[in-house]
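In this chain, residues are counted from 1 in sequence order.
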Amino acid sequence: MDELKVADKNTPYWWEAAPVRPLPPQPLAKRLDVAIVGAGYAGLSAGLVLAREGRTVAAFDSMNPGEGASTRNGGITSGSIRPDYATITRRFGEAKALAIEAEGKLAREFLYDLIRTEALDCDFKLVGRFTGAIGYDQYEKMARGAEALAKRLGIESYAVPHAEQGNYIGTDFYRGGTVRMDIGGLHPAKFHAELLRVALASGLTVHSRTPVISIEKDGSGFRVATSAGTVQARQVLVCTNGYTDTAAPFLRRRLVPVRSRIIATEELPPELMTRLMPKLMMMGENRELGFYYRPSPDGTRILLGGRDSSRGNSDPTAPTLRLRNGLVELFPELGKVRFSHSWFGNVAMNRDMLPRIFEKDGIVYATGFCGSGVVWAPWVGTRAAYKLMGRAPEASTAFDFRPPASIPFYRGDPWFLPAIIKGYGLQDKIAWWRARR
């Protein structure tokens, strides 16, 4: 089946209103206070802070600024951490688990304040998120977690029993769920465009389509070789995340780029949208290969995303159909709906699945957002900027600790991903079979 028979376009839906474009060429400075590798959310957030503090700073992107995950994601401000509280406690101790959980609240509040104070026009709405439970046993566990979250952090979080589920989502697929009201949605490409606007206005120089080739220690600073020439930088910040290449070999051995694909429906009748998404909330579920989905900012479409195990330039039809089948499983009345867009972007996973700031051989890294970069990338990028300036109180974060562990026999080609994703799928099948529905 030809891809265009599954979806009309293979570019992000978000690019219709906010297309990514190259910036006008800029002269290459001979010397910089800070060179930033990557001009996505993290790199721009760091550059904005540094430029406003009077540093000479330039960001180099191998593509157009934002062409990676920053304009390809679902725009859900979840700030989710993949390991649960108990797992983080077991691995790192209760103090670290508490700090990470509390920082999620701070990071979301920081993002919302940034949007408000900088007047970023990005269709942000704090609508809440509903997370569906596959079975009643899972619902009971999720309900206890929502109650604990409300008690520990004062977040409006509560359980939704199956009998009341229709008030939040028009499906009988789940057996109840939970709601968090501190999560919303934005237009990710508009958010990046606005962040780029204020960063450029503050004095950040951004070089588009200018990949960094190598970073070498040179006296008290660094020699940064790019496709446009070489620059001397006193400090270097790497923010490449799921698009890390050979310019950062240490990081490349520690981050795995994982494809996340999203489909967008054609415009749906208003009465259908009201029935399927009565509160226009962000949506998710607790499966290893679960879906995340949401209404478009104008409330006329449904966008649904999930993992994509394809590699290279392989045929996108199969992963697109998997998402389509998932959407129809949730909403059978969409069985004949057309899809306007299907696209993918890379998220960056590491072995412990936690975002990171760390320093190695004098280079600072802000990375590893594990699919939740809308919240974590601006937060971690900003903390990294303060770290570079030596301002410890403002740089303080629970995510500034040792680098992620390297992955044996891995040098940037995630050949093992299809097998891992199949394993997750098997776990989901077992969980489904065991679910007391």
Side-chain angles (χ1 to χ4, degrees), residues 10-12 14-15 20-23 35-47 58-75 188-189 191-193 195-196 199 206-215 224-228 236-262 305 307-314 343-350 353 355-358 363-374 376-378 380-381 384 403-404 407 410-415 417:
N10 61 5
T11 51
W14 309 119
W15 291 3
V20 295
R21 297 187 176 94
L23 295 176
I36 299 174
V37 188
Y41 295 156
L44 292 182
S45 298
F60 301 88
D61 203 291
S62 62
M63 302 184 291
N64 295 321
E67 192 173 350
S70 291
T71 62
R72 295 173 178 267
N73 66 82
F191 176 60
H192 181 273
L195 196 56
L196 178 62
V206 178
H207 297 275
S208 61
R209 297 183 180 178
T210 308
V212 170
I213 300 167
S214 65
I215 305 167
V224 181
T226 79
S227 62
V236 173
L237 174 63
V238 175
C239 302
T240 47
N241 206 48
Y243 294 81
T244 300
D245 57 24
T246 55
F250 181 82
L251 184 61
R252 202 178 192 210
R253 294 192 296 271
R254 287 157 172 79
L255 291 186
V256 178
V258 179
R259 286 187 177 181
S260 186
R261 181 172 290 273
I262 302 177
R307 294 293 171 256
D308 177 346
S309 61
S310 64
R311 300 177 63 216
N313 294 319
S314 58
W343 73 95
F344 74 87
N346 293 339
V347 299
M349 305 295 188
N350 59 64
M353 305 299 283
R356 246 355 167 275
I357 296 176
F358 66 90
I363 300 173
V364 174
Y365 299 82
T367 193
F369 307 125
C370 299
S372 295
V374 176
W376 291 120
V380 170
I407 300 167
Y410 173 65
R411 292 294 184 272
D413 177 20
W415 52 269
L417 271 182

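Asn10 CG to Arg261 CZ: the interatomic distance, rounded to the nearest 0.5 Å, is 8.0 Å. Atom CZ in Phe250 sits 13.0 Å away from atom CD1 in Ile215 (nearest 0.5 Å). For the atom pair OH (Tyr243) and CG (Asn346), the distance works out to 4.0 Å, reported to the nearest 0.5 Å. One finds the OH atom of Tyr41 at 8.5 Å from the CG atom of Leu195 (value rounded to the nearest 0.5 Å). Distance CD1/Ile407 to CZ/Arg252: 12.0 Å, rounded to 0.5 Å.
Under the rule for a ring-ring contact (aromatic ring centres under 6.0 Å, His included), Phe344 has no partner lying at least two apart in sequence or in another chain. His192 meets the ring-ring contact (aromatic ring centres under 6.0 Å, His included) test with no other residue; sequence neighbours excluded.
Closest non-hydrogen pair, Ile357 versus Ala384, comes out as CD1-N, 3.6 Å. The two residues Val212 and Asp245 come nearest to each other via the heavy atoms O-OD1, 4.5 Å. Between Val206 and Pro65, the shortest heavy-atom distance links the atoms CG1-CG, 3.7 Å. Residues Cys370 and Asn350 come closest through the heavy atom pair SG-ND2, 4.0 Å. Between Gly368 and Asn241, the closest heavy-atom pair is N-OD1, 2.8 Å. For the residue pair Arg356 and Val380, the shortest heavy atom distance occurs at O-CG1, 3.6 Å.
Within the 4.5 Å cutoff, the side chain of Val347 has no heavy atoms near those of the Phe369 side chain. Contact of the Asp61 side chain with the Ser208 side chain is not registered, since no non-hydrogen atoms from C-beta on lie closer than 4.5 Å. Put simply, the side chain of Leu417 reaches to within 4.5 Å of the side chain of Val256, judged on heavy atoms.
Here the side chain of Arg259 pairs no donor or acceptor atom with the backbone of Asp308 at under 3.5 angstrom. A donor-acceptor pair is defined here as one N or O able to donate and one able to accept, closer than 3.5 Å; no such pair exists between the side chain of Tyr365 and the backbone of Phe358. In this structure, the side chain of Tyr410 engages the main chain of Leu255 through a donor-acceptor pair within 3.5 Å.
Side chain to side chain, Arg209 and Asn64 meet the donor-acceptor criterion of an N or O pair below 3.5 Å. Looking only at atom types and distance, the side chain of Ser260 has a donor-acceptor partner in the side chain of Arg307 under 3.5 Å away.
Of the residues listed (Leu237, Thr244, Thr240), the one engaging Val37 in a side-chain contact (heavy atoms from CB on, under 4.5 Å) is Thr240, and it is the only one.
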